[in-house]
Amino acid sequence: MPDYPALAARVRALTEGEDDVVALMATVACEVHHADERFDWTGFYRVVAPDLLKIGPYQGGHGCLVIPFSRGVCGAAARTGVAQIVNDVEAFPGHIACAASTRSELVLPVIDAAGGLIGVFDIDSDRRDAFTPEDARELAAILAETFGRAA
Ligand code: SME
């Protein structure tokens, strides 16, 4: 488990006064990715059209470029606005395998200052059962603080 208070403080210090979404996404992806060895792919998909996600800043191996809301764990988070923890991707219908090594995922909706969905934050692990509700809660708080001021 990362030291979430320290991670939140680092993101806060690095992004203070910044409201550019790409700059914020790049910084969060980097800081979160390096905070825990369970995180093998860490990044954002952005809402670019109704019901369509496109790759944003990330860390790790290459990610699929386009994901419709109707597909995958990312699509489910975007469609429902609810955090998704998938303990075993093989048991998730419609999972999109960008990397064959991925075993579990956590995907959180990202909301901007206006309250609109601007994307999802996706963390993939090569370990099964990598993510806990505490990870979801702590990371959601970091996203709310960071993107709650995004223009
Ligand atoms: N596995 C995700 C797709 C994104 S990548 O793994 C980077 C999904 O099913 O939504």
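Start at 1 and go down the list; that is how both ligands and their atoms are numbered. Nothing fancy with the numbering, it's 1 onward along the sequence.
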Original post:
Taking all atoms of both residues into account, what is the closest heavy-atom pair of Val21 and Phe147, and its distance?
Top reply: O-CE2, 4.1 Å

**OP:** Scan for side-chain hydrogen bond (donor to acceptor under 3.5 Å, both in side chains) pairs involving residues 61-76, sequence neighbours excluded, and state none if there are none.
**Re:** none

Could you tabulate the donor-acceptor pairs under 3.5 Å formed by side-chain atoms of residues 76-96, not counting sequence neighbours?
{"residue": "Arg79", "atom": "NH1", "partner": "Phe69", "partner atom": "O", "Å": "2.6"}
{"residue": "Thr80", "atom": "OG1", "partner": "Ala76", "partner atom": "O", "Å": "2.7"}
{"residue": "Thr80", "atom": "OG1", "partner": "Val82", "partner atom": "N", "Å": "3.1"}
{"residue": "Thr80", "atom": "OG1", "partner": "Gln84", "partner atom": "NE2", "Å": "3.4"}
{"residue": "Gln84", "atom": "NE2", "partner": "Val82", "partner atom": "O", "Å": "3.1"}
{"residue": "Asp88", "atom": "OD1", "partner": "Glu90", "partner atom": "N", "Å": "3.0"}
{"residue": "His95", "atom": "NE2", "partner": "Glu105", "partner atom": "OE2", "Å": "2.8"}

For residues 116-131, please give each side-chain donor-acceptor pair under 3.5 Å, one per line with the distance, not counting sequence neighbours.
{"residue": "Ser125", "atom": "OG", "partner": "Arg38", "partner atom": "O", "Å": "2.8"}
{"residue": "Ser125", "atom": "OG", "partner": "Arg127", "partner atom": "N", "Å": "3.0"}
{"residue": "Asp126", "atom": "OD1", "partner": "Ser101", "partner atom": "OG", "Å": "3.1"}

**OP:** Can you measure from OG1 (Thr132) to CG (Leu106) and round to the nearest 0.5 angstrom?
**Re:** 8.5 Å

Original post:
Measuring from each atom of ligand 1, which residues have a heavy atom under 4.0 Å away?
Top reply: Trp41, Tyr45, Ile67, Gly72, Val73, Cys74, His95, Ile96, Cys98, Glu105, Asp122, Asp124

Original post:
Is the backbone N or O of Gly17 less than 3.5 Å from a side-chain atom of Arg149, with the two atoms forming a donor-acceptor pair by type?
Top reply: no

